[in-house]
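Working notes, beginning with the structure itself.
Order of the sequence lines sets the chain letters (A, B, ...), proteins ahead of strands, with each chain counted from 1.
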2 protein chains.
Amino acid sequence: MTTDFDNGFNDLSLEDIARLSGVSRSTVSRVVNQHPNVSDTTRRKVMEIITRYNFKPHPAARALASQRSKIIGILIPHIVSDLFTDPFFSILLQGITTAANSLNYSPILWLTSANVDESAFYDQVFNDRLADGMIVASATVNATFLERLDQRSKPYIIIGRPFTAHEKTSYVDSENEQGARMLVEHLILSGRRRIGMITGRSGLTSSHDRLQGYISALQHADIPIDMRLITPASDYTDASGYSGMKLLLQHRVDAVFAANDVMAVSAMRAIKEAGLRIPEDIAIGGFDDMGLAHSSEPPLTTIHQPISHLGDSAVRGLIDLLEGKVEPPFQQMLPVKLIVRQST
Amino acid sequence: MTTDFDNGFNDLSLEDIARLSGVSRSTVSRVVNQHPNVSDTTRRKVMEIITRYNFKPHPAARALASQRSKIIGILIPHIVSDLFTDPFFSILLQGITTAANSLNYSPILWLTSANVDESAFYDQVFNDRLADGMIVASATVNATFLERLDQRSKPYIIIGRPFTAHEKTSYVDSENEQGARMLVEHLILSGRRRIGMITGRSGLTSSHDRLQGYISALQHADIPIDMRLITPASDYTDASGYSGMKLLLQHRVDAVFAANDVMAVSAMRAIKEAGLRIPEDIAIGGFDDMGLAHSSEPPLTTIHQPISHLGDSAVRGLIDLLEGKVEPPFQQMLPVKLIVRQST
DNA sequence: TATAAGTTTGGGAGCGCTCCCACAATTTTT
DNA sequence: AAAAATTGTGGGAGCGCTCCCAAACTTATA
């Protein structure tokens, strides 16, 4: 069943492969790195030995000689409780690692945690010499943070455009504004006029952009903005969705746009408790398109956000930056999609 | 505000530090690695320069020379959907990375994902030359997998004892059996006699052990085991908790032990729908002590599982293995705790 | 056919450390 | 006081690659 060679105890070096195939170290290196200037016969001969012995170059030696480790750092400075409840980061991580692995990069992980000294942690992260570049997955990148990031001479990409982004800041983000607008336009088109909004956590660009989309949709339809229909203190949580909806119910809305699915679902609870029907009396839409969106009763109309693609794009962008294929400001906004279900 | 030296553009080498402090490369190396044979004066002098210039040794050079990268691989071979719904892995990951960082190791991540060729993925993982050792967080380590793991000459630790573990297999796990037994004993002590069990996914040691604990508690109390009170096809999911409970209701149980909190909560739904009261008519207990356990109505009595410690222990165990402080079979069972709330 | 230009190959130097051995400085023992 | 043991320090070799330059060989051009 098993061959004599590929037994996992593979500790040959380039030199060994060179000797075995009767060429020089340099030539083997060229074959391994797919350098063009190698004759077909030589390449084939060397490849045969490489496969036979299942040779893989030593990553540390390679990193030392080339000054590039092919390791990317993933920084998720997030409090524990968020990670528990919010599948966002799990999905993102999956997207990131899958992309990294497929491009022959290894992701190393930095997670903050409640019982760790934050400043020491960031010193560790910012002084890291291992990773070639880093991906920062945080909704709350502030000016100071960005400054330290820029001071390092290594490329980075932030997931979620920061407020303090300057023209050289690299980031990937979803089209939050456009998504919100699409959702609200859909509500308008289905005849709703008193459309409320349950906003996201203040201080986040996603909240800001989604609110912006809501406003812009109303304006384009010549519906006046009524500030009483915009909740003042929501924060993406279940509880604030419920209380936000209670507030809106006092103003006889006929539709609601909740800035995420979690709040939309808890708002639905408030609507039902008030004895109103969805969507007959009040239509409701969310944002994110997570699991709970299609398991809710009725299933929720929402905006699908490509979380896993966000991770994928971040990795590809970073690697392009790393390999000099693109120049520093790598900025990408990913399209979102309106998913119409039965709640509108 | 900022000093002249610590500006993040730190690319000095050992040699540079040696020159700056008037000693040799070797001496600086000794200081950095806390080697004992350095005089106090010299050590202080060198340390001063190191701190001033914020010197950190180059990881790749160090890895090449010492043949140890201080990188550990984290393998989570899990399907996407599980990661979404189950906070277990997020918490575990947090525990692992926190422990690794604090011990100056870097965790690199391997996650399987639905749209990736599995065999290629495992080839990549098993042929990895970067990590010194690995932690496998999977409930489904089978014999073949274990064999490949053993064939590699690098240390590993599995989180969750595999069925096929042999005397040399290293793992950390929670005391599932003991926990289940504690929970069921608690039910017995509060006067329950017809105690049903909603089992976990078959094929997992955790399910097996929890069932074992249930059986053993009943036996010790001289309560005969009634097979009709043990659900045949549950699998830790919400749906199977609900349907499992429906089944048990036909046999007039006065208490139920669900193998995890998710099923316990959906079982509660079934109980309420049947018009019965918790805990008056039926007492119910779960396992895991996740968020939903204290937010359920009534709050759920359950067994607290130290997930984050599981990660921590795995990392510490692996590093001890790596540094030769302990010999290969590192096996550790972590204690669990009975948390009594209002459902019993 | 001689010469220029391109292609293929090998060898040296060097990446920044660790680890060993030899030597110097110091302390202990005789 | 000299010899032996101990502690402290420096330098060389080497980890396994990449990258550059030069040499050898091939093909195109005058």
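When the side-chain nitrogen and oxygen atoms of A:N33 are compared with OP1 and OP2 of D:dT18, one or more of them lie within a distance under 4.0 Å. Contact annotation: B:R43 side-chain N/O to D:dT7 OP1/OP2 distance is not under 4.0 Å. For the pair B:S26 and D:dT9, the criterion of a side-chain N or O lying under 4.0 Å from OP1 or OP2 is not met. Note on B:S39: a side-chain N or O is less than 4.0 Å away from OP1 or OP2 of D:dT9. One finds a side-chain N or O of B:S24 lying less than 4.0 angstrom from the OP1 or OP2 phosphate oxygen of D:dG10.
Taking atom NZ of A:K56 as the reference point, atom C1' of D:dC17 lies 16 Å away to the nearest angstrom. For A:E15 and C:dG10, the CD to P distance is 12 Å, given to the nearest whole Å. Straight-line distance from the OH atom of A:Y53 to the C1' atom of D:dG16: 19 Å, rounded to whole Å. The distance between atom NZ of A:K70 and atom C1' of D:dT18, rounded to the nearest whole Å, is 14 Å. The nearest whole Å value for the distance from the CG atom in B:L12 to the P atom in C:dC15 is 14 Å. We find that CD of B:Q34 is positioned 18 Å from C1' of C:dC19, with the value rounded to whole Å. A:L14 has its CG atom 14 Å from the C1' atom of C:dG10, to the nearest Å. The distance between atom CZ of B:R30 and atom P of D:dG10, rounded to the nearest whole Å, is 8 Å.
The distance between the ring centers of B:F330 and B:Y156 does not fall below 6.0 angstrom.
Panel note: side chain B:D16, backbone B:S13; a donor-acceptor pair is recorded below 3.5 Å.
Residue order along DNA chain D, read from the 5' end via each residue's closest nucleotide, puts B:P36 first among A:V32 and B:P36. Take the nearest nucleotide of DNA chain C for A:T42 and for A:R25: the residue whose nucleotide is more 5' is A:T42.
Side-chain N/O atoms of B:S26 and B:S29 include no donor and acceptor closer than 3.5 Å.
A salt bridge is absent between A:D320 and A:R316; no separation between the charged side-chain nitrogens and carboxylate oxygens falls under 4.0 Å. The existence of a salt bridge linking B:R129 and A:D11 is confirmed by a sub-4.0 Å separation between a basic side-chain nitrogen and an acidic carboxylate oxygen.
Residue A:P107 comes nearest to A:T97 through the heavy atom pair CG-CG2, 3.8 Å, listed as atom of the first residue, atom of the second, then distance. Taking every heavy atom of both residues into account, A:I157 and A:G317 meet most closely at CD1-C, 3.5 Å.
Separation of atoms OH (A:Y105) and CD1 (A:I96) is listed at 15.5 Å; rounding is to 0.5 Å.
When distances run from any side-chain atom of B:F55 to the nucleotides C:dC17, D:dC17, D:dT9, the shortest one goes to C:dC17. When each of C:dT7, D:dC21, C:dC21 is scored by its nearest atom to the side-chain atoms of A:N37, the top-ranked nucleotide is C:dT7.
For B:R129 against D:dG16, a side-chain-to-base donor-acceptor contact under 3.5 Å is absent.
Near DNA chain C, meaning a heavy atom under 4.0 Å from it, residues 57-68 of chain A has A:L64, A:A65, A:Q67 in order of number.
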